[in-house]
Amino acid sequence: MNNYGESNGDSNVHEKQVEGHDHCENGDGSDNRVILGIDGGTTSTVCVCIPLFSSSKSLPNPTPILGRAVSGCSNHNSVGVTVHVSYPTETAARGTLEEVMAEALSKSGSDWSAVHAVCLGVSGVNHPTDQERILNWLREIFPSHVKLYVQNDAVAALASGTMGKLHGCVLIAGTGCISYGFAEDGREARASGAGPVLGDWGSGYGIAAKALTAVIRAHDGRGPQTMLTNKILKALSLSSPDELIGWTYADPSWARIAALVPEVVSCAEACDQVATKILVDAVQDLALSVKAVVQRLHLCGEDGNGSFPVVMVGGVLEANRTWDIGKEVMKCIQEQFPGAHPIRPQVEPAVGAALLAWNFLMKESTGNSHS
């Protein structure tokens, strides 16, 4: 996937826009213009608004957040495209994006006319056609002077650990999972991230789905008995494994099923063999996705010992439990690549997206000054 940016939008500007976007700089080197960073995932969408600082200044650390908003899913593959036949140009995903941006701007005390750049990192962006579709939504919202950047949400997550710089590898393991990396020469690679049907078994969904399957197998005699049965039934207020079938198919949303991961971890901590195997398999799958990216990009250098960051993001990797999935994944990665060093981001992916936009703007400004 290319680093996809768009600066010249359609002349058809959304009616929310306000005429006049020139702003004067304040004495601190900043002006009234803002950058929007958006992290759009399968479970939720977060938008942050940060000030645009002049090219002569570095972005302060910590990054000032003027406004933050949270909304629902903006993954167009999960939400679907058409909301209603009467509104063929509107999408549920687009509606989520407009809602969350409007709220973040309102909380920041800014309006649409103050926006100078937008960086959207959204799950489900796997091809230039996906990027173009989302850019078309943004072009109808923002006037042509606004810089627009669309990335996979993994890129924003990487930037959250590297303060907007694209180098190294990120591993996201939440409801879904993906590994994404950039070499210093700009080459990029990804592994996993194809969704539960195509085998993201290290994800929260993958772990929980295997646990549910194990309960059904134990119930009908195809698999060993497991503590997962009582643990999951109690968590869901069900009385029998037979009821799991109705519960699962009543609403097979990925996030709803992935929410059962803590039950699997608890059973593994109690030495349940079935739960332990599920987590061990997930660790191997997650580590393999990082290893694939590292090898394709040669992040480890010629001798295999080169240093590179591995940004760790997502609820599956963040559990502060005795059975620490994130810790086990890094141990597995470092057995092959000792130069890999984990980074736990100090800012969320939405802030990473905003920092990424700022870095893109600075590079463009430097390039223009040299031309």
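Keep in mind that what you see is a predicted model, and the values were worked out from it rather than measured.
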For the pair Leu317 and Arg344, evaluate side-chain contact (heavy atoms from CB on, under 4.5 Å) and give the outcome as yes or no after the intermediate values. CA-CA 10 Å; Leu317 304 174; Arg344 300 284 185 171; 3.9 Å; yes
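- Ring planes of His145 and His116: tilted class, angle from 30 to 60°.
- Taking the salt bridge (Lys or Arg N to Asp or Glu O under 4.0 Å) definition, one finds that Glu184 meets it with nothing, sequence neighbours left out.
- Atom CG of Asp272 is separated from atom OG of Ser266 by 11.0 Å, given to the nearest 0.5 angstrom.
- Hydrophobic clustering (ILVMFWY, side-chain heavy atoms < 4.5 Å, transitive): Leu288 and Ile207 are in distinct clusters.
- Gln225 contributes a side-chain N or O that, together with a main-chain N or O of Ala218, makes up a donor-acceptor pair within less than 3.5 Å.
- With hydrogens and angles ignored, the 3.5 Å screen pairs no side-chain donor or acceptor of Glu263 with any backbone N or O of Ile232.
- The closest side-chain heavy-atom distance from Val115 to Val34 is below 4.5 Å.
- In this structure, Leu361 and Tyr149 have side chains that are in contact, with non-hydrogen atoms separated by less than 4.5 Å.
- Note that CZ of Arg256 is 4.5 Å distant from CG of Asp251, once rounded to the nearest 0.5 Å.
- Residue Met227 comes nearest to Ala270 through the heavy atom pair CE-CB, 3.6 Å, listed as atom of the first residue, atom of the second, then distance.
- Judged as a side chain to side chain donor-acceptor pair (under 3.5 Å), and not counting sequence neighbours, Asp303 has no contacts.
- With hydrogens and angles ignored, the 3.5 Å screen pairs no side-chain donor or acceptor of Glu318 with any backbone N or O of Val316.
- Residue Ala69 comes nearest to Lys107 through the heavy atom pair CA-NZ, 4.4 Å, listed as atom of the first residue, atom of the second, then distance.
- The nearest pair of heavy atoms linking Asp285 to Gly202 is OD2-N, 3.3 Å.
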For a side-chain contact (heavy atoms from CB on, under 4.5 Å) check, start with the C-alpha distance between Leu260 and Lys231, then their side-chain angles and the critical distance, and finish with the verdict. CA-CA 10 Å; Leu260 293 171; Lys231 194 74 173 176; over 6 Å; no
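- Under a hydrophobic-cluster definition in which Ile, Leu, Val, Met, Phe, Trp and Tyr are linked whenever side-chain heavy atoms come within less than 4.5 Å, directly or via other members, Ile325 and Val280 are assigned to the same cluster.
- The CZ atom of Arg68 sits 14.5 Å away from atom CD1 of Ile50, with the distance rounded to the nearest 0.5 Å.
- With sequence neighbours excluded, no residue forms a side chain to side chain donor-acceptor pair (under 3.5 Å) with Thr276.
- Phe360 and Met362 fall within a single hydrophobic cluster, where Ile, Leu, Val, Met, Phe, Trp and Tyr side chains are chained together by heavy-atom contacts under 4.5 Å.
- Residues forming a side chain to side chain donor-acceptor pair (under 3.5 Å) with Gln273 (at least two apart in sequence, or on another chain): none.
- Counting non-hydrogen atoms of neighbouring residues, nucleotides and ligands closer than 6.0 angstrom, the NZ atom of Lys210 exceeds 12 such neighbours.
- Between Ile141 and Leu97, every side-chain heavy-atom pair lies at or beyond the 4.5 Å cut-off.
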Distance-only donor-acceptor pairs under 3.5 Å for side chains of residues 233-241, two or more places apart:
| unit_1 | atom_1 | unit_2 | atom_2 | d |
| --- | --- | --- | --- | --- |
| Ser239 | OG | Glu243 | OE2 | 2.3 |
| Ser240 | OG | Asp242 | N | 3.2 |

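- One N or O on the side chain of Thr213 and one on the backbone of Ala209 form a donor-acceptor pair closer than 3.5 Å.
- One distance of note links CZ of Arg190 with CG of Leu297; it measures 13.0 Å at 0.5 Å rounding.
- With rounding to the nearest 0.5 angstrom, the CD atom of Gln151 is 10.0 Å from the CG atom of Leu158.
- Judged by distance alone, the side chain of Asn305 and the main-chain N or O of Gly339 form no donor-acceptor pair under 3.5 Å.
- Under the 3.5 Å distance criterion, the side-chain polar atoms of Asn359 are matched with a main-chain donor or acceptor of Gly164.
- Using a 4.5 Å heavy-atom threshold, the side chains of Gln334 and Pro342 count as touching.
- Leu299 approaches Ala183 most closely through the heavy-atom pair CD2-CA, 3.9 Å.
- Taken from CD1 in Ile35 to CG in Leu66, the straight-line distance is 10.5 Å, to the nearest 0.5 Å.
- Closest heavy-atom contact between Ser289 and Ser192: CB-OG, 3.4 Å.
- Between Ile257 and Trp247, some side-chain heavy-atom pair lies under the 4.5 Å cut-off.
- Residues that satisfy the side chain to side chain donor-acceptor pair (under 3.5 Å) test with Asn136, not counting sequence neighbours, are Arg139.
- A donor-acceptor pair is defined here as one N or O able to donate and one able to accept, closer than 3.5 Å; such a pair exists between the side chain of Ser160 and the backbone of Ala157.
- Heavy atoms only, all atoms of each residue included: Gly195 and Asp200 are closest at N-OD2, 2.8 Å.
- Considering only heavy atoms from C-beta on, Val310 stays 4.5 Å or farther from Val329 through its side chain.
- Residues Glu335 and Lys331 are not paired through a salt bridge, judged by the lack of any N-O separation under 4.0 Å between the basic side chain and the carboxylate.
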Would Thr162 and Phe182 count as a side-chain contact (heavy atoms from CB on, under 4.5 Å) if you check the C-alpha gap in whole Å, the side-chain angles of each, and the deciding distance to 0.1 Å? CA-CA 12 Å; Thr162 60; Phe182 284 84; over 6 Å; no
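- With a 4.5 Å cut-off on side-chain heavy atoms, Leu286 and Met312 do not count as touching.
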Is there a side-chain contact (heavy atoms from CB on, under 4.5 Å) between Val48 and Glu348? Walk through the geometry before answering. CA-CA 10 Å; Val48 298; Glu348 61 184 327; 3.8 Å; yes
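- No path of Ile, Leu, Val, Met, Phe, Trp and Tyr side chains, each step under 4.5 Å between heavy atoms, connects Val290 with Trp201, placing them in separate hydrophobic clusters.
- Within the 3.5 Å criterion, the main-chain N or O of Trp323 finds a donor-acceptor partner in the side chain of Glu269.
- The cluster map of Ile, Leu, Val, Met, Phe, Trp and Tyr, joined by side-chain heavy atoms under 4.5 Å apart, puts Leu198 and Ile178 in different clusters.
- The shortest side-chain heavy-atom distance between Ser203 and Pro196 does not fall under the 4.5 Å cut-off.
- Counting heavy-atom neighbours within 6.0 Å of Lys277 NZ, excluding the residue itself, gives a total of 12 or less.
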